[in-house]
Amino acid sequence: MDVTLGEEHEALRRTVEEFAREVVAPAAPGFDATGNFPYEIVRQMADMGLFGLPFPECYGGMGGDYFALCLAIEELARADSSVAITLEAGVGLGAMPLYRFGNEEQKSHWLPRLCSGTALGAFGLTEPGGGSDAGGTRTRAEIVDGEWVINGSKAFITNAGTDITELVSVTAVTGQRADGRKEISALLVPVPRAGFTAGPPYSKVGWHASDTRELAFENCRVPAANLLGERGRGYANFLSILDEGRIAIAALAVGLAQACVDASVAFAKERRSMGRAIASYQAIAFSIADMEVRAHTARLAYYAAAARLLAGQPFKKEAAMAKLYASEIAVTNARAATQVHGGYGVINDYPVARHWRDSKILEIGEGTSEVQRILIARELGLRPSV
Amino acid sequence: MKIVVCVKQVPDTWAEKRLAPADSTVDRESVDGVINELDEYAIEEALRIKESAGGADSTVTVLTMGPEKATESIRKALSMGADAAVHLLDDALHGSDALQTSYALAQALGTLEWDLVVLGSESTDARMSVLPAMLAERLGVSQLTFARKVEVAGSNGSTTVRIERLTEAGYDVIEGSTPAVISVVEKINEPRYPSFKGIMAAKKKPLTTLTIADAGIESGGVGLAAASTAVTGFTEAPPRSAGTIVNDEGEGGRKLAEFLAAKKFV
């Protein structure tokens, strides 16, 4: 029984911790205020090999594992969530489906550039009409003259409109199954591409510097060979990607929850009230102690889910529990840290204000809290109605 | 080009540093150890010199004198891209001062083949800035210290090293031939972060441990008892006092100037 990190995982964690503290944290208030995508930081992350972490060296990867990616995401999120989600989405959603379901030609064509971080990939699943609902997919693709012709739109797609985005994978209805339900497949769209438009960035409550857009496909044509994975398996394949993605989102949430502890400890030692540092008041000290307990517990939850993933054991329930718990305590910690900071907690110069705005999406993205509860209940043999 | 970088492990810059009451030496056990910040610039510069020199016989070797724990810092230097490391590890070295350390490092360098020795210009714990000069004297080689820029020119056999030496007024250009000792300041470059591939590779790189006997170091020449300097006493820094608040009623500027003058800032 061991929950301490191995030598290489610890060395990676420390390296990313240093990078986050020295490079990301000082720049974060700036790009949070402007909403500009942090190209220079992404380039430095690319130099460190972060975008290739869980992929084998033959595709330009680092030969690490999914847990290494999660550790990097957690440490980045301790400094800034926009940067952390850019890595999470770039690797977990942009490159991972290709690695898992692509054929050899697709992998050797795309993965080296995605692993090197010089290009970003995005995955378009969610549509304006609904997120967690496969049957609601309305984007369609049909073969015309030996090419896929895609029509429809996607919503809330991360990394889809940056200057270095070169690939957008999308799910689309490609026919009808024998049981009458929609046949959904995944297609690779190299961008820029005629018929493909990335809309303007959303004005969001948090994750300001993360590139998030609505996508439109109007008679967008791609070669027939751009089918990703088996025809009709698009949705099922993508759901399996989301299972491990939940561990990564849990790691991101733990990073934010820990950032709230870090900021609160520092602030409570400095800030004085009625002649004493506020850290010496039990009301404040206990609140921060509780924050630390939550961050620590959530970290153990995602470590445990990752351990099962690496061991090749089923991890669906553990990943859902880690994501549900970590995202909810991230919001709780952000609220508590804001309270510790008093009036300064709602001033954007203080990191906790950003953490507070960045926290809420964690309970929504990559499966809402409600979806996680359905998954966990199902794993317990219950059948809650959706 | 064979380069040796001297790397020191120091208490984490962010941690509260203490002296151990028993022997007035730096307490290295109670805090995390990190690579001395300027030594990271030295490693980076050595890697750049090696990369631009090219050739299979160009190498960067890390030389560290320090306790067992210093291995962590050696691993980090290797994960940044150094090829091999030598750890001078012996209890007899504990408490050595700068003069003795320069002797020990010079002896250890005698066991290696090198053209250049690169160091950070000072350490964040002792902050004496004398070691590179002492080392060059002991080795009897060119001394090129406080470099903000390094250029290496020439082929094997007759290599010239030219540096811009940072001064208070600007910089001096100094040139010397190899073998040479260089120390660098933080303006020189931006140290790289190790990549995960580098971290994995570091495990497999050769790390040699030397005792003082292996390096031909006389036991009477190093260690606390034989040190030529001694810390005779120390006190904690006084807690920061509360600042002065000046209400600006039209003469805030003058009061500010008076304050700065009183503190001898202007």
K.L.:
I need the minimum non-hydrogen distance between B/Glu68 and B/Leu89, along with the two atoms involved.
P.N.:
N-CD1, 3.4 Å

K.L.:
On a heavy-atom basis, which atom in A/Gly92 and which in A/Ile241 lie closest, and how many Å separate them?
P.N.:
O-CG2, 3.5 Å

K.L.:
Is A/Asp80 salt-bridged to A/Arg354, going by a charged N under 4.0 Å from an acidic O?
P.N.:
yes

K.L.:
Among all residues two or more places apart in sequence or in another chain, which pass the side chain to side chain donor-acceptor pair (under 3.5 Å) test with B/Glu164?
P.N.:
B/Arg148

K.L.:
What residues of residues 16-29 of chain A sit under 4.5 Å from chain B when only non-hydrogen atoms are counted?
P.N.:
A/Glu18, A/Phe19, A/Arg21, A/Glu22, A/Val23

K.L.:
Can you tell whether the side chains of A/Glu10 and B/Arg75 come within less than 4.0 Å, N to carboxylate O?
P.N.:
no

K.L.:
Applying ring-ring contact (aromatic ring centres under 6.0 Å, His included) as the test, list every pair that has at least one member in residues 65-86 of chain A; sequence neighbours left out.
P.N.:
A/His9-A/Phe67, A/Phe67-A/Tyr303

K.L.:
Are the side chains of B/Glu190 and B/Glu44 in contact, using a 4.5 Å heavy-atom criterion?
P.N.:
no

K.L.:
Do B/Leu135 and B/Cys6 touch side chain to side chain, with heavy atoms closer than 4.5 Å?
P.N.:
yes

K.L.:
Taking non-hydrogen atoms and a cut-off under 4.5 angstrom, which of residues 256-280 of chain A neighbour chain B?
P.N.:
none

K.L.:
Please name the pair of heavy atoms, one in A/Ser108 and one in A/Tyr59, separated by the smallest distance, quoted to 0.1 Å.
P.N.:
N-CE2, 4.3 Å

K.L.:
Would B/Glu40 and B/Lys76 satisfy salt bridge (charged side-chain N to carboxylate O under 4.0 Å, His left out), going step by step from the backbone distance to the final call?
P.N.:
CA-CA 10 Å; B/Glu40 291 195 10; B/Lys76 185 178 176 191; 3.0 Å; yes

K.L.:
So which of B/Gly198, B/Ala202, B/Pro194 has the largest heavy-atom pair count under 4.5 angstrom toward chain A?
P.N.:
B/Pro194

